[in-house]
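Beneath this line is the structure, given in structure tokens, with notes to follow.
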There are 2 protein chains.
Amino acid sequence: MDYNDLYQFMLDNIQKIVMPEELIKIELSVSRFELAALMLAERHDNITMSALAQGMSVPMSTATGVVDRLVRKKLLKRDRSEEDRRIVTVALTEEGSELLEKVKKHLRLFFDRVKSLLTEEEFETGINLIRKIALGLRQDQTVSGDRPVLSRRAIKIE
Amino acid sequence: MDYNDLYQFMLDNIQKIVMPEELIKIELSVSRFELAALMLAERHDNITMSALAQGMSVPMSTATGVVDRLVRKKLLKRDRSEEDRRIVTVALTEEGSELLEKVKKHLRLFFDRVKSLLTEEEFETGINLIRKIALGLRQDQTVSGDRPVLSRRAIKIE
DNA sequence: GCGCATATTTCGCTATACGAACTATTAGAC
DNA sequence: GTCTAATAGTTCGTATAGCGAAATATGCGC
């Protein structure tokens, strides 16, 4: 497997490269940011808008929009903190939790599908490789300076 | 590694899940569809709009939009077939090819980065596992009926 | 030539993402 | 206390995206 093979491989799998988001949407009718927000809300009880925005690496105005939609869909609820009335916190609704359960179920299915394609040993090896790579990449990234919360808008051509 | 670990892992990597598209954009100021179109154009000389749309699994109206933007950015050029004047073909410009070279370069760098994190042997094993999984998943998919060019719009809630 | 099929574009609509300006609340200076 | 600056979020305007339906243009069969 050399560079050209890799490139070829990417080409052959364009659909999947182009699709990751679609998978989510088709199954669950939430966008990737919405899913991320739900997951963050699950992880951190009563997460603040700022934390949410940071967690997703988007500006607050975007986070507001994402949460707006999720509230409209009744997957999240907003609340204002009593101690500091500037702060808005966000939490999963019953429906939101249910949706996340569905996500997990899908994930489990996928996980199982992959598992079924490999031997026990291959699977373990695979997981370890991924872990190793993920860890390595993360470190590389951290080393290369206190990345300035990367600006997400690409520079337009001309 | 069980389901919960996996979910946890996803959570820890939300940024990357949310970001795949951003990586492309930041580096190259093209969207994922645009990149896919360029790659398809590279692959098939003078590809038709229909083929392009099919290759990306999007309706023609979307493909038109994508190509419009790429033409505006001077990365693609449109031409009308002489034999059948209904057909519009699309080809890379010089600039388009250059951009793809950049993509490949990025890919190579990433490839090398991953390589550097693993031993030669680990790397080979990894590639083989991926191949095996990709193949397996593809087969699963094909088995499950002549999938009807999946509709890409999610059903709205309520 | 007529009518139907094919290839593509145009149009209108709905989402999304985001910067800048604005609002509300808190904390600090005096 | 009250004035000011900082903080947390939202609103507003704008640009881009994806797409279905209708429109346009061309080719084909007879």
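No experiment lies behind these values; they were computed from the predicted model shown. Chain naming here is simple, since letters A, B, ... match the order of the sequence lines and numbering starts at 1 in each.
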**Item:** side chain to side chain donor-acceptor pair (under 3.5 Å) involving Lys132(A) - partner list, sequence neighbours excluded
**Value:**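 Only Glu122(B) meet the side chain to side chain donor-acceptor pair (under 3.5 Å) criterion with Lys132(A).
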Partner residues of [X] under the side chain to side chain contact (heavy atoms under 4.5 Å, CB included) criterion, sequence neighbours left out:
X: Ser81(B); value: Glu83(B), Asp84(B), Ile87(B)
X: Ser61(A); value: Pro59(A)
X: Asn46(A); value: Thr89(A), Ala91(A)
X: Asp68(A); value: Thr64(A), Arg78(A)

**Asked** Given dC19(D), is OP1 or OP2 found less than 4.0 Å from the side-chain N or O atoms of Ser61(B)?
**Response**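 No, Ser61(B) has no side-chain N/O under 4.0 Å of OP1/OP2 on dC19(D).
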**Message:** Please tell me if Arg32(B) has a side-chain N or O lying less than 4.0 Å from either OP1 or OP2 of dG18(D).
**Reply:**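 Looking at the OP1 and OP2 atoms of dG18(D), one of them is under 4.0 Å from a side-chain N or O of Arg32(B).
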Checking contacts here: which listed nucleotide ([options]) is nearest the side-chain heavy atoms of [X]?
X: Glu34(B); options: dC19(D), dA17(D), dG9(D); result: dA17(D)
X: Met60(A); options: dG18(D), dT10(C), dG9(D); result: dG9(D)
X: Met49(A); options: dC19(D), dA17(C), dT10(D); result: dT10(D)

**Asked** What is the per-nucleotide protein-contact pattern of nucleotides 21-27 of chain C, from the 5' end, where B denotes a base atom under 4.0 Å from a protein heavy atom, S denotes such proximity for sugar-phosphate atoms only, and - denotes neither?
**Response** ---BBS-
**Asked** Does the pair Glu34(A)/Lys73(A) count as a salt bridge with the N-to-O cut at 4.0 Å?
**Response**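 Result for this pair is yes, salt bridge flagged.
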